[in-house]
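Predicted model only: the values in this text are computed from it and were never measured.
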Amino acid sequence: MEEAKSQSLEEDFEGQATHTGPKGVINDWRKFKLESQDSDSIPPSKKEILRQMSSPQSRNGKDSKERVSRKMSIQEYELIHKEKEDENCLRKYRRQCMQDMHQKLSFGPRYGFVYELETGEQFLETIEKELKITTIVVHIYEDGIKGCDALNSSLTCLAAEYPIVKFCKIKASNTGAGDRFSLDVLPTLLIYKGGELISNFISVAEQFAEEFFAGDVESFLNEYGLLPEREVHALEHTKIEEEDVE
């Protein structure tokens, strides 16, 4: 008789906020979690799952299977939610990298065209007075020499694509060192950074085919690590990767 009365009291209180026993405490916690959280911040699917799990269940097999199913749904939700958080974190990281890269690429003076140096004094001044972080590419040329015109055209294109690199050209006869730059070593490329010569390529046209273009010169310089990452390419590449994550 006492057992029946106890069972009746338990059933009477089953639907209320306060339950007794381990199962009652768990149900209370689920109900409290559902009510205490901002309803706007909980997705409808999770809200329904929490509501169902906070409701009392009968002891038959069907409800037991439904409980297991609901528990699996919670696990699946948490897994998916964690994956989305990881994707958001990765997306923010890539965006920050893109911004940092843009800031680095935008630092310092920007040029965007090929400077014509008229005298040896201008040549020396350009090398000595530029910022130490600036890469300077100087083309020593003469009119009518094979490869010089094509190289000038190529450098004009590269100057637009690499605005933080300073591209210059000067006739060998204007350098004040014509004996060092005879016609048989032209065209010559000199690359400076921080006031120091870091690379030089004499008769550089021999490195290319009969006809060559900006892409050929770019690849050649990149083989020696003489060009920074192209600004437009770097930003677009990061943007594409970010879209892939989404």
Does Asp216 offer a backbone N or O that forms a donor-acceptor pair with the side chain of Ser219 under 3.5 Å?
no

Can you pull the ring pair (Phe, Tyr, Trp, His ring centres under 6.0 Å) pairs that have at least one residue in residues 127-160, sequence neighbours excluded?
His139-Tyr141

So, do Thr156 and Phe167 sit near enough that their side-chain heavy atoms are less than 4.5 Å apart?
no

Which residues pass the side chain to side chain contact (heavy atoms under 4.5 Å, CB included) test with Thr188, sequence neighbours left out?
Ile140, Phe181, Val185, Leu186, Leu190, Ile202

Taking Leu221 as the starting point, is it possible to reach Tyr224 by hopping between hydrophobic residues whose side chains are less than 4.5 Å apart?
yes

Can you see which heavy atom on Gly147 is nearest to which on Ala205, and at what distance?
CA-CB, 4.1 Å

Could you tell me which residues satisfy side-chain hydrogen bond (donor to acceptor under 3.5 Å, both in side chains) with Ser203, sequence neighbours excluded, listed by chain and number?
none

Does Ser199 have any side chain to side chain contact (heavy atoms under 4.5 Å, CB included) partners at least two apart in sequence or in another chain, and if so, which?
Ile191, Phe201, Leu226

To the nearest 0.5 angstrom, please state how far the CG atom of Leu158 sits from the CG atom of Leu227.
7.0 Å

With sequence neighbours left out, which residue pairs that include part of residues 136-153 fulfil the salt bridge (charged side-chain N to carboxylate O under 4.0 Å, His left out) condition?
Asp143-Lys171, Lys146-Glu210

Can you list the residues that meet the salt bridge (Lys or Arg N to Asp or Glu O under 4.0 Å) rule with Lys193, with sequence neighbours excluded?
none

I want to check something: taking the side chain as every heavy atom from C-beta on, are Leu155 and Lys169 in contact at a cut-off of under 4.5 Å?
no

Hey, quick one: are Ile170 and Leu183 part of the same hydrophobic cluster, counting side-chain heavy atoms closer than 4.5 Å, chains of contacts allowed?
yes

Output all residues satisfying side-chain hydrogen bond (donor to acceptor under 3.5 Å, both in side chains) with Asp179, sequence neighbours left out; order by chain, then residue number.
none

Table please: side-chain donor-acceptor pairs of residues 126-138 below 3.5 Å, with sequence neighbours left out.
unit_1: Thr126; atom_1: OG1; unit_2: Gln122; atom_2: O; d: 2.9
unit_1: Glu130; atom_1: OE1; unit_2: Tyr111; atom_2: OH; d: 2.7
unit_1: Glu130; atom_1: OE2; unit_2: Lys166; atom_2: NZ; d: 2.8

I need the minimum non-hydrogen distance between Ala214 and Ser154, along with the two atoms involved.
N-OG, 3.4 Å

Interatomic distance, OG1@Thr175 vs CD@Glu118, rounded to 0.5 Å, equals 13.0 Å

With sequence neighbours left out, what residues match Phe123 under ring-ring contact (aromatic ring centres under 6.0 Å, His included)?
none

Report whether Phe220 and Val114 are members of the same hydrophobic cluster (ILVMFWY, side-chain heavy atoms less than 4.5 Å apart, transitive linking).
yes

Would you kindly confirm whether Leu197 and Leu117 end up in one hydrophobic cluster when ILVMFWY residues are joined by side chain heavy atoms under 4.5 Å apart?
yes

How would you list, by chain and number, every residue that makes a side-chain hydrogen bond (donor to acceptor under 3.5 Å, both in side chains) with Glu218, sequence neighbours excluded?
Tyr162

